[in-house]
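Contents: one structure, followed by commentary.
Proteins come first, then strands; the chains are lettered A, B, ... in the order of their sequence lines, and each starts at number 1.
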Number of protein chains: 2
Amino acid sequence: MREGAGNITIEAVAKESGLSKGGVLYNFPTKRALLSGLLDQMLAAHREFFEKVPERHPARTLCGHLETVLQPKDVGDDLSMAILAAAASDPPLLDPLRTELTGDLERILADTNDAPAAMIAFLAIQGLRFQRLLSLPDGGADITERVIERLRTMIDEL
Amino acid sequence: MREGAGNITIEAVAKESGLSKGGVLYNFPTKRALLSGLLDQMLAAHREFFEKVPERHPARTLCGHLETVLQPKDVGDDLSMAILAAAASDPPLLDPLRTELTGDLERILADTNDAPAAMIAFLAIQGLRFQRLLSLPDGGADITERVIERLRTMIDEL
DNA sequence: ACAACTATACCGTCCGGTCGGCCTGGATTT
DNA sequence: AAATCCAGGCCGACCGGACGGTATAGTTGT
């Protein structure tokens, strides 16, 4: 995160994790595997977060996505950074994410009969994620607050 | 684009541009400068595209952003890829983009009195950009079509 | 005894950046 | 007009450092 997602090195991961370089390579035989595992872990954490949204919410998946953006210590930040690192160094690594998101999207569209509205909500959430990830402006905390509130009502009215 | 944005090398740029490595480094003394110049150029093209939207559209800036996503040979694709490369290898390079977007956002928010709605439209557009950039699912062409139509009416009603 | 490391040394490759030289077109001199 | 000179644009061989990965020997806990 500090030095730019593309500059991630095995040694840096080793130091950060308290392991030695050998130790890291013991667990992940290659850098691809490391990044892949990183993404897997982030996706798992992300999925786990979804479970917290009540079982029978009408637009559960979409709601889950929204919730993950709300966390101050964002689960999505880590995920997004992993995504960025993967995308930068080896795009095929994003395949698991693609299938995951494809599933989410199917569920989202199945849960509503106003597909465009649901889609716009989804895209706005994704947009917010990426804006934050790259430290691009998002209008400030107060507006974001109102945006999220609005999104919530949008989702509820689906 | 082919090999992953983080793997861009000076030699690759040289070959692609028909110059030699030395020639590239003559025009851009460092890789930072190269990426910075790339981003500048993309931003300029992006801005130029904005001019095409009629002068007195109520939400001109937002409308311009939307139009750039519509291009089949997307102006935004190149820009986004440059953004990705910059973000991956040297985040501070994104500063010009940040100021640019900050200005856009101010204009967008000034042009409306329903800030959250405008913001959601903006974020959705950004989301769509990034989804495409990373080849993440966007629901397919037909839904995207409807999403864009909906966004257009949203923007017009601001 | 085995798994899970640590520590260290090392190799090969890739890549950013340097450097000396080449070439061309225009200005200056003769 | 011919010869000369110069400068800017570019080439491409090379250097040095970084980094992915390998190898190996020792250590610790189970």
### Task
Would you mind reporting whether A:Thr68 and A:Phe50 have side-chain heavy atoms less than 4.5 Å apart?
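Yes. Closest side-chain heavy atoms under 4.5 Å.
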### Query
Would you find more than 12 non-hydrogen atoms of other residues, nucleotides or ligands less than 6.0 Å from A:Glu48 atom CD?
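12 or below, so no.
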What is the separation between atom [atom1] on [X] and atom [atom2] on [N], rounded to the nearest whole Å?
X       : N      : atom1 : atom2 : value
B:Ile10 : D:dC14 : CD1   : P     : 19 Å
A:Arg32 : D:dG21 : CZ    : P     : 10 Å
B:Leu19 : C:dG17 : CG    : C1'   : 17 Å
B:Glu11 : C:dC14 : CD    : P     : 10 Å
B:Asp90 : C:dG16 : CG    : C1'   : 13 Å
B:Phe28 : D:dG9  : CZ    : P     : 13 Å
A:Lys21 : D:dT24 : NZ    : P     : 16 Å

With a 4.0 Å cutoff (strictly under), does any side-chain N or O of [X] reach OP1 or OP2 of [N]?
X       : N      : result
A:Ser20 : C:dT8  : no
A:Tyr26 : C:dA4  : yes
B:Asn27 : D:dG9  : no
A:Thr30 : D:dG20 : no

Salt bridge between [X] and [Y], side-chain N to carboxylate O under 4.0 Å?
X        : Y        : answer
A:Arg150 : A:Glu145 : no
B:Glu157 : B:Arg152 : no
B:Asp90  : B:Arg32  : yes

Determine the contact category for [X]: base if any of its heavy atoms lies under 4.0 Å from a base atom, sugar-phosphate if only primed atoms, P, OP1 or OP2 are that close, otherwise nothing.
X       : answer
B:Ile8  : sugar-phosphate
A:Lys31 : sugar-phosphate
A:Leu25 : base

